[in-house]
Amino acid sequence: MIKKAVIPAAGYGTRFLPITKALPKELLPIIDRPTIEYIVDEAIKSGITDILLIVSSNKNAIIDYFDYNIELETILLSKNKEEEYRMVRDIARGANLHFIRQKEQLGLGHAVLQAEAFIGNEPFAVLLGDDMYVTQKEPAIKQMMNAFEKTNASILGTMEVSYEDTYKYGICTPKTEKKGSLAELKDVVEKPDIEVAPSRSAIGGRYILTPTIFKYLKSQQRGKGNEIQLTDAILRLMKEEKVYSYDIDAKRYDVGNKLDYIEAIIDFGLEKEDLKEGLKEILKRKVK
Ligand code: UTP
């Protein structure tokens, strides 16, 4: 049973400069809540009890967001703003949150390695701090946790992309012809050109990993972008243990990408009772 999750949120967020000089990418608001809160909630709804957030020295605002703010709460209560008080008090209720700093931003693989002592010797979930999955069905990571019950091996959360987009992702090569959403892998190719892409199955921001991964992360040399890449360590893990892909049934927003971020705000706005009619009017006017 998977009970622990890791959320890497220590990257520089260069695609969102200059705002990320002062505001962590993971705190970019989807109207009134930060991206990372939706990701923490996904883990909680999936039955995760302990969540480790990997942050960096200039990302203390993430830790503050998940802490109580006694001064604000006292003021809200003194003004009889009971609803607002509940709103801030209930953030991330339901799991224990832990924090650790990645002292140098050496890549996603290096970020996950910081979780070794926290994880110990059990399988765990990884949810990237800027990747949101929205669904009316079971949460994305829960879908993968269910699949893990069958495989007992590492699983990479995937989605189908067009061949034109394969150069942006790690692309999976299934061992045999793919049937259904779960597939054993024989290879992963990092950001292949359209002519050589082995499939359209792209890795998104969700993983279930066995603790064996730490052995490979510890000895992992720097790869693409001069960073310690999680995918490189998974490729080495694949020689020792089975690794699967699982097609997540949910809408994904890569909030580190500006257009996805804007789409997330529009979609969430269209779901909010107090905003949807006004927002529809604005959108109608714009597309005219
Ligand atoms: P990204 O690939 O989006 O990198 O990381 P980034 O540096 O944050 O953003 P850009 O590409 O420069 O705009 C995916 C996830 O891994 C985390 C990020 O915070 C993000 O949630 N990460 C990345 C780390 O925690 N540490 C790292 O060294 C790199």
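Order of appearance sets the numbers: ligands from 1, and atoms from 1 within every ligand. Please read these numbers as outputs of a predicted model, since none were measured by experiment. Excluded from the calculations below are hydrogen atoms, water molecules and symmetry mates; all remaining heavy atoms, backbone and side chain alike, are included.
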Any N/O pair [X]/ligand 1 closer than 3.5 Å:
{"X": "Leu108", "value": "no"}
{"X": "Arg15", "value": "yes"}
{"X": "Asp130", "value": "yes"}
{"X": "Gly256", "value": "no"}
{"X": "Ile54", "value": "no"}

Would the number of heavy atoms belonging to other residues, nucleotides or ligands and lying under 6.0 Å from NZ of Lys242 be above 12? no

Should the heavy atoms of other residues, nucleotides or ligands under 6.0 Å from NZ of Lys191 be counted, would the total exceed 12? yes

Taking 4.0 Å as the limit for heavy-atom contacts, which would you say applies to Leu106 with ligand 1: side chain only, backbone only, both, or neither? backbone

Taking non-hydrogen atoms only, is Lys25 closer than 4.0 angstrom to ligand 1 via side chain, backbone, both or neither? side chain

Within ligand 1, which atoms have a heavy atom of [X] less than 4.0 Å away?
{"X": "Ala111", "value": "24 (C), 25 (O), 26 (N)"}
{"X": "Gly129", "value": "21 (O)"}
{"X": "Gly11", "value": "7 (O), 8 (O), 17 (C), 18 (C), 19 (O), 22 (N), 23 (C), 24 (C), 25 (O), 26 (N), 29 (C)"}
{"X": "Tyr12", "value": "7 (O), 8 (O)"}
{"X": "Gly107", "value": "26 (N), 27 (C), 28 (O), 29 (C)"}

Checking Thr212 against Glu240: is there a side-chain donor and acceptor pair closer than 3.5 Å? no

Do Arg101 and Asn60 have side-chain N/O donor and acceptor atoms under 3.5 Å apart? yes

Under 4.0 Å between a Lys/Arg side-chain N and an Asp/Glu carboxylate O for [X] and [Y]?
{"X": "Lys224", "Y": "Glu227", "result": "no"}
{"X": "Asp249", "Y": "Lys137", "result": "yes"}
{"X": "Arg15", "Y": "Asp254", "result": "yes"}
{"X": "Glu122", "Y": "Lys4", "result": "yes"}

Please tabulate, for the side chains in residues 192-207, all donor-acceptor contacts under 3.5 angstrom to protein atoms that are two or more places apart in sequence or on a different chain.
unit_1 : atom_1 : unit_2 : atom_2 : d
Ser199 : OG     : Cys172 : O      : 2.6
Ser199 : OG     : Ser201 : N      : 3.1
Arg200 : NH1    : Val161 : O      : 3.4
Arg200 : NH2    : Glu160 : OE1    : 2.9
Arg206 : NE     : Glu42  : OE1    : 3.3
Arg206 : NE     : Glu42  : OE2    : 2.9
Arg206 : NH1    : Asp131 : O      : 3.2
Arg206 : NH2    : Glu42  : OE1    : 2.7
Arg206 : NH2    : Asp131 : O      : 2.7

Quick one: does [X] get a heavy atom under 4.0 Å from ligand 1?
{"X": "Glu26", "answer": "yes"}
{"X": "Ala9", "answer": "yes"}
{"X": "His110", "answer": "no"}

Closest to atom 26 (N) of ligand 1 among Gln105, Gln114, Gln102 (heavy-atom distance): Gln102

Does the Thr158 side chain pair with the main chain of Tyr246, one donor and one acceptor, at a distance under 3.5 Å? yes

Angle between ring planes, Phe16 versus Tyr261, binned at 30° and 60°: parallel, tilted or perpendicular? perpendicular

Quick one: nearest non-hydrogen protein atom to [atom], plus distance?
{"atom": "atom 14 (C) of ligand 1", "answer": "Leu128 CD1, 4.0 Å"}
{"atom": "atom 12 (O) of ligand 1", "answer": "Thr14 OG1, 2.5 Å"}
{"atom": "atom 21 (O) of ligand 1", "answer": "Pro8 O, 2.9 Å"}
{"atom": "atom 25 (O) of ligand 1", "answer": "Ala10 N, 2.9 Å"}

Ignoring hydrogens and angles, write down the donor-acceptor pairs under 3.5 Å from the side chains of residues 76-87, residues two or more places apart or on other chains.
unit_1 : atom_1 : unit_2 : atom_2 : d
Ser78  : OG     : Ile75  : O      : 2.8
Arg86  : NH1    : Asp90  : OD1    : 3.3

Do Phe148 and Pro123 make a side-chain contact, defined as non-hydrogen atoms from C-beta onward lying under 4.5 Å apart? yes

Looking at atom 2 (O) of ligand 1, would you say a protein heavy atom lies below 4.0 Å from it? no

